[in-house]
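In what follows, a structure is listed as structure tokens, so that the remarks can point back to it.
Note that this is a predicted model, so its numbers are computed, not measured. Whatever order the structure lists ligands and atoms in, that order sets their numbers, starting from 1.
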Amino acid sequence: MSLRELYQEIIIDHGKTPRNFGKLENANRAQVGHNPLCGDRLIIYIEENEGIVNQIRFEGAGCAISVASASLMTEAAMGKSVKEVEALFARFHQLVTAGEAVDDLGKLAVFAGVAEFPVRVKCATLAWHTLKAALNPAKTDAVSTE
Ligand code: ZN
């Protein structure tokens, strides 16, 4: 199996069986995100305390890439500080727009191929934009990629 096929399998797996899926009852942050171009719609729930993402879950529906990205994002963000999450998003954004593999991205590297399909970048980054807005209480409107 090539690396590309392995990446594809991980995306399909997380798209079909997303991790940390469902409402987070003790969330103190929640944010809706919408990608009208594809029809992806997500809600990110966070239990944040003193700048640490203690728990993160999500609900919603969308294409395999948007759901897989949200699933892998929850795994990556769990237990991290808000600053670490924002730094991770910056590296992830670089990966899906430039296709540059950043070796400390871990499982998130599976989205490297998205850079070849610019229309899919919004699917892959929707969960991250929504998470960023959830961590910034000043922004209360629904996030839209458009
Ligand atoms: Zn999509």
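Between Glu47 and Asn54 the shortest side-chain heavy-atom distance falls below 4.5 Å. Looking at Glu9 and Ile12, their side chains never come closer than 4.5 Å, going by heavy atoms from C-beta outward.
With a 4.5 Å cut-off between side-chain heavy atoms of Ile, Leu, Val, Met, Phe, Trp and Tyr, the cluster of Ile52 takes in none.
Protein-derived N/O/S atoms nearer than 2.8 Å to the Zn ion (ligand 1) total 5, waters excluded.
Between Phe89 and Trp128, the two ring planes are parallel [angle under 30°; tilted spans 30° to 60°].
At least one donor-acceptor pair under 3.5 Å links the side chain of Arg57 to the backbone N or O of Gly22.
The ring of Phe58 has its center closer than 6.0 angstrom to the ring center of Phe21.
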